[in-house]
Amino acid sequence: MVPTAAAVVDRYQRRVQATDYGRWRDQVEATGGCTHPVRMTGAWTVTDNTTNQVLAHKGGHVMVPCGNRRESICAACSDRYAADAFHLLRAGLSGGTKGVPEHVTERPRVFLTLTAPSFGPVRDDGQPRFPTKYDYTGHVLFNAYAGKLWHRFVIALRRHLARAAGIRVRDFADHARLSYAKVAEYQRRGAIHFHAVIRLDGPAGATDQAPAWASPDLLTAAIHAAHAQVRITTPKVDGRAHELSWGRQIDVRTIKPANAPDFEDGDGEITDDRLSSYVAKYATKGTGKSEAADRPIRSDAHIEQLRINAHYKQLMRTAWRLGALDELDEINLRRWCHMLAFRGHFLSKSKAYSTTFKQIRGDRQRFRLEAALDELGVTEDAVTVVNHWDMTSVGHRTPEERDIAEGIAQRRRDTRKHRHTTERKD
């Protein structure tokens, strides 16, 4: 039985008028409007080390953000992830923050896009023109091995750089370091491609100047050579081994310092600041808006129940079928069926590119701790802080609570967009 509009409104009114609504809303606001909050019970206590006096105590039930990167699951946490991705990427591009020096802008840097090969002609909406002739097996295998293909590409790129510089490949690490951050994105046809910021550093990474022979032109030429070279041969499937490579389309653009007025100039060069926003957008576009499923597939019948287009559904059927083959056991296709077989991280980086998500989140936690201690008028070495929380449940208790949380997240997003637009105009 479908509830009447009056009954739906009544449920919202009852929730808003409940005695605990104010405290509940404050907790949701604190999560940014998370739609799948983790409910915890426990306490936070600050005790003076000298007198053993309890200076502050907060206990009971709290909510913390779920932290999911996918916008389709939690817009609030997806936004937070995008913001962290921006700071991670920008630190490696512009320097001057997160332990990365400003002189990284003097290094050879490029913005690279690597695409998937063709598996059959597709329409503008990404659907195959001839579904019965489309290479679904090749498509699934490419997505599954895309991360490994990137790994081989990086190895080949180092080798080509070493040869171009006239040094032995095994000595490359003594002269230079290849630093990068990459983002995976689904094309409309459901194939993965990569956007990457690649920087050529000295041996120590971000803090070390690049060698004299390093230049944007040399880096660009090495990228093209590595792109053309890299191959992966899969185990035989249906009597055939697939040779996987990148698509013919490749885009390599030099990045110049952020003092230029535009994101891209007439020569196709890209500036730091706007590129960080651009790549951060892809970080959550890839993780938040895949057109497949939000959660792992449990059976072939599950695939048939999904409300997705016929092309993606056939990709998932293919991944599920191939996942039963012993020859492909190592890539665990059924586990990644909901991701159209892509098994990698949507945002990853080399060790020396910049900071880490863990460090960014740790800095945020430390900022909150220091603010709380400042309010108490004490220093960290003078007190003992005990945080003890146990998870009790996940998610909101009713659909009405979830809808209200979504509204809070949307309001915060709209406010942020308006502020950003106003600042840009100023």
Side-chain angles (χ1 to χ4, degrees), residues 69 110 112-119 135-162 169-170 172-173 177-187 189-198 222-238 240-252 279 282-283 286-287 290 292 296-297 315-316 318-353:
R69 306 174 187 179
V110 300
L112 166 68
T113 299
L114 294 172
T115 62
S118 173
F119 305 105
D135 184 9
Y136 280 100
T137 297
H139 186 147
V140 165
L141 291 175
F142 178 85
N143 281 0
Y145 283 100
K148 189 173 183 179
L149 198 62
W150 169 265
H151 177 67
R152 292 195 179 181
F153 166 78
V154 171
I155 292 173
L157 178 54
R158 290 194 187 100
R159 290 173 176 170
H160 283 287
L161 286 169
V169 173
R170 66 182 181 182
F172 179 79
R177 179 189 287 262
L178 199 64
S179 299
Y180 66 84
K182 72 174 176 67
V183 174
E185 182 199 9
Y186 288 106
Q187 296 173 308
R189 57 183 171 141
I192 283 291
H193 66 186
F194 291 131
H195 303 284
V197 174
I198 300 180
I223 286 172
H224 281 287
H227 165 264
Q229 173 189 340
V230 174
R231 299 284 187 277
I232 287 179
T233 302
T234 70
K236 286 188 177 181
V237 176
D238 300 330
R240 171 194 169 195
H242 287 71
E243 185 177 76
L244 305 177
S245 62
W246 301 113
R248 287 180 294 178
Q249 289 184 322
I250 177 175
D251 187 21
V252 188
V279 180
Y282 279 114
T287 58
S290 82
I297 301 300
L315 284 169
M316 294 171 73
T318 303
W320 189 264
R321 177 180 67 83
L322 297 177
L325 301 179
D326 292 339
E327 299 90 333
L328 299 177
D329 185 62
E330 67 169 0
I331 57 176
N332 203 357
L333 283 173
R334 289 190 171 181
R335 177 183 176 185
W336 302 102
C337 179
H338 68 299
M339 302 299 291
L340 306 183
F342 177 60
R343 306 180 299 129
H345 294 288
F346 278 90
L347 174 58
S348 60
K349 68 176 191 65
S350 61
K351 184 177 180 180
Y353 174 77

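This one's a predicted model, so the numbers in the text were calculated from it and none came from an experiment. In what follows, every heavy atom counts, from backbone to side chain, and hydrogens, waters and symmetry copies are set aside.
Going from atom CG of Leu333 over to atom CG of Leu325 covers 8.5 Å, rounded to the nearest 0.5 Å. With rounding to the nearest 0.5 angstrom, the CD1 atom of Ile297 is 11.0 Å from the CE atom of Met339. Atom-to-atom distance recorded for Ser118:OG and Arg248:CZ is 8.0 Å, nearest 0.5 angstrom. In this structure, CD1 on Ile250 lies 5.5 Å from CG on Leu112, to the nearest 0.5 angstrom. The CH2 atom of Trp320 sits 5.0 Å away from atom CZ of Arg334, with the distance rounded to the nearest 0.5 Å. Interatomic distance, Cys337 SG to Leu315 CG, rounded to the nearest 0.5 Å: 9.5 Å.
Across Leu322 and Val237, no two heavy atoms sit closer than the pair CD2-CG1, 3.4 Å. Between Arg189 and Pro117, the closest heavy-atom pair is NH1-O, 2.7 Å. Considering every non-hydrogen atom in both Ala116 and Phe142, the closest pair reads CB-CE2, 3.3 Å. Summarising the geometry of Tyr145 relative to Glu330, their closest heavy-atom pair is OH-OE2, 3.6 Å, with the distance given to 0.1 Å. Taking both residues in full, the closest heavy atoms of Leu161 and Ala222 are given as CD2-CB, 3.6 Å, listed atom of the first, atom of the second, then distance. Contact record, Tyr353 with Ser179: CA-CB, 4.0 Å, taken as the closest heavy-atom pair.
Side-chain contact of Gln249 with His193: a donor-acceptor pair under 3.5 Å is absent, judged by distance alone.
In this structure a side-chain-to-backbone donor-acceptor pair under 3.5 Å is missing from Asn143 to Gly138. Checked by atom type and distance alone, the side chain of Arg343 pairs as donor or acceptor with a backbone atom of Ala144 at under 3.5 Å.
The distance between the ring centers of Trp150 and Tyr180 falls below 6.0 angstrom.
Between Val183 and Phe194 there is no side-chain heavy-atom pair separated by less than 4.5 Å. In this structure, the side chains of Ser350 and Leu178 stay at 4.5 Å or more apart for every pair of heavy atoms.
With sequence neighbours excluded, the residues satisfying side chain to side chain contact (heavy atoms under 4.5 Å, CB included) with Glu243 are Arg231, Thr233.
Counted within 6.0 Å of NE2 on His242, heavy atoms from surrounding residues, nucleotides or ligands total more than 12; the atom is thus considered enclosed. His224 NE2: more than 12 foreign heavy atoms inside a 6.0 Å radius. Other residues, nucleotides and ligands place no more than 12 heavy atoms under 6.0 Å from the CZ atom of Arg159.
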Starting from the C-alpha separation in whole Å, work towards a yes-or-no answer on side-chain contact (heavy atoms from CB on, under 4.5 Å) for Ile223 and Phe153. CA-CA 9 Å; Ile223 286 172; Phe153 166 78; 4.0 Å; yes
side-chain contact (heavy atoms from CB on, under 4.5 Å) between Glu185 and His195, worked out: CA-CA 8 Å; Glu185 182 199 9; His195 303 284; 2.9 Å; yes
Hey, mind stepping through His227 and Leu114 against side-chain contact (heavy atoms from CB on, under 4.5 Å) and telling me if it holds? CA-CA 8 Å; His227 165 264; Leu114 294 172; 3.7 Å; yes
Would Leu340 and Tyr186 count as a side-chain contact (heavy atoms from CB on, under 4.5 Å) if you check the C-alpha gap in whole Å, the side-chain angles of each, and the deciding distance to 0.1 Å? CA-CA 9 Å; Leu340 306 183; Tyr186 288 106; 4.0 Å; yes
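Using bins of under 30°, 30° to 60° and over 60° for the plane-to-plane angle, the ring pair His139/Phe119 lands in the parallel bin.
Under the 4.0 Å criterion applied to side-chain N and carboxylate O atoms, Arg321 and Asp238 are assigned as salt-bridge partners.
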